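For reference, the structure is listed below as structure tokens.
Just so you know, these numbers use all the heavy atoms, side chains as well, and skip hydrogens, waters and symmetry mates. Start at 1 and go down the list; that is how both ligands and their atoms are numbered. The structure displayed is predicted, hence computed values, not measured ones. When a residue number appears, it is its place in the shown sequence, counting from 1.
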Amino acid sequence: MKKIAIFASGSGSNAENIVKYFQQNDKIKVHLVGSNNSEAKVLDRVSRYSIPTTIFNKENLMNGDVLAILEQKQIDFIVLAGFLLKIPKMIINKYLNKIINIHPSLLPLYGGKGMYGNYVHQKVLEEGDNETGITIHFVNEKYDDGAIIFQAKCPLEDNLTIKKIAKKVHDLEMKFYPKIIENILNESN
Ligand code: GAR
């Protein structure tokens with residue numbers, strides 16, 4: 001059994017989608033959902049699935065408390081799904097190539113600190129790009145910077161709103177993130 005922890009800071013639509021996807025899988029399961037925000041909607045969403053949750057702050061992340069929980073729960077793989085804090089070196093070293101993130105743009109475009117959610121789509125709109133998409137990548141010590149695993153694109157017609165761009169990107173996230181996680185875990189030992 002491969003045990004996943006998902007870290008999320010906000011709404012948690014990706015987290016819930018991933019939890020649902022693996023519900024009937026007897027080799028891969030979401031065993032923990034962690035958040036740095038006790039008010040985050042993700043905690044509500046996953047409470048329906050009887051998955052343990054943990055709330056922590058930046059200090060817990062930096063001082064080893066979070067790593068201790070991951071080890072105690074024998075977590076094999078960490079999935080970031082709208083998680084806004086940087087993962088410290090201590091955790092990256094213990095989970096080398098076992099932490100992935102999804103970003104709502106075609107990296108290296110529009111990544112880095114402060115680039116999340118609608119800030120990203122706003123930038124795409126301002127630049128007048130004719131396509132955008134998602135990037136799933138390994139996590140290193142910089143924001144949105146690790147090796148790219150997968151990208152999917154969607155075309156952007158003229159006169160789109162931020163809301164419409166967000167919907168197109170969200171649809172790609174729902175379609176691909178769980179499958180890519182499954183592929184990586186099936187290929188790893
Ligand atoms: C997703 O669009 C994800 O790509 C983005 O946050 C959103 C979370 O939505 N992540 C980033 O911007 C990371 N830099 P959700 O909480 O509904 O899953």
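R45 places a side-chain N or O within 3.5 Å of a backbone atom of S11 that can act as its donor or acceptor partner.
Counting protein heavy atoms only, atom 16 (O) of ligand 1 is closest to G12 N, 2.7 Å. Remark: minimum distance from atom 11 (C) of ligand 1 to any protein heavy atom is reached at P104 CD, 3.6 Å. For atom 17 (O) of ligand 1, the closest non-hydrogen atom on the protein side is S13 OG, 2.6 Å. In this structure, atom 7 (C) of ligand 1 lies nearest to the protein heavy atom G82 CA, 4.2 Å.
With distances taken over non-hydrogen atoms, the option nearest atom 10 (N) of ligand 1 out of V169, V42, I102 is I102. Comparing K41, R45, E173 against atom 1 (C) of ligand 1, the shortest heavy-atom distance belongs to E173.
Residue-to-ligand polar distances place N14 within reach of ligand 1: an N/O pair is separated by less than 3.5 Å. Close N/O approach between H103 and ligand 1 is found [any backbone or side-chain N/O within under 3.5 Å]. Considering both main-chain and side-chain atoms, H170 never comes within under 3.5 Å of ligand 1 through any nitrogen or oxygen pair.
Proximity of I181 to V79: side-chain heavy atoms (C-beta onward) are separated by under 4.5 Å at one or more points. Between I55 and L43 there is a side-chain heavy-atom pair separated by less than 4.5 Å. K164 is not listed as a side-chain neighbour of K168, based on a closest heavy-atom distance of 4.5 Å or more.
Neither side chain, Y110 nor E127, offers a donor N or O lying under 3.5 Å from an acceptor on the other. A donor atom on one side chain and an acceptor atom on the other are not found under 3.5 Å apart for H121 and T132.
Annotation: F56 is in aromatic contact with F7 [ring centroid separation under 6.0 Å].
Close approach of ligand 1 to G117 is summarised as follows: ligand atoms under 4.0 Å from at least one heavy atom of the residue are 12 (O). Each of the following atoms of ligand 1 lies closer than 4.0 Å to a heavy atom of S11: 16 (O), 17 (O). Applying the 4.0 Å criterion to heavy atoms of Y116 picks out, from ligand 1, the atoms 11 (C), 12 (O).
Evaluated for a side chain to side chain contact (heavy atoms under 4.5 Å, CB included) with I4, the options V33, I51, V19, L185 yield exactly one hit, L185.
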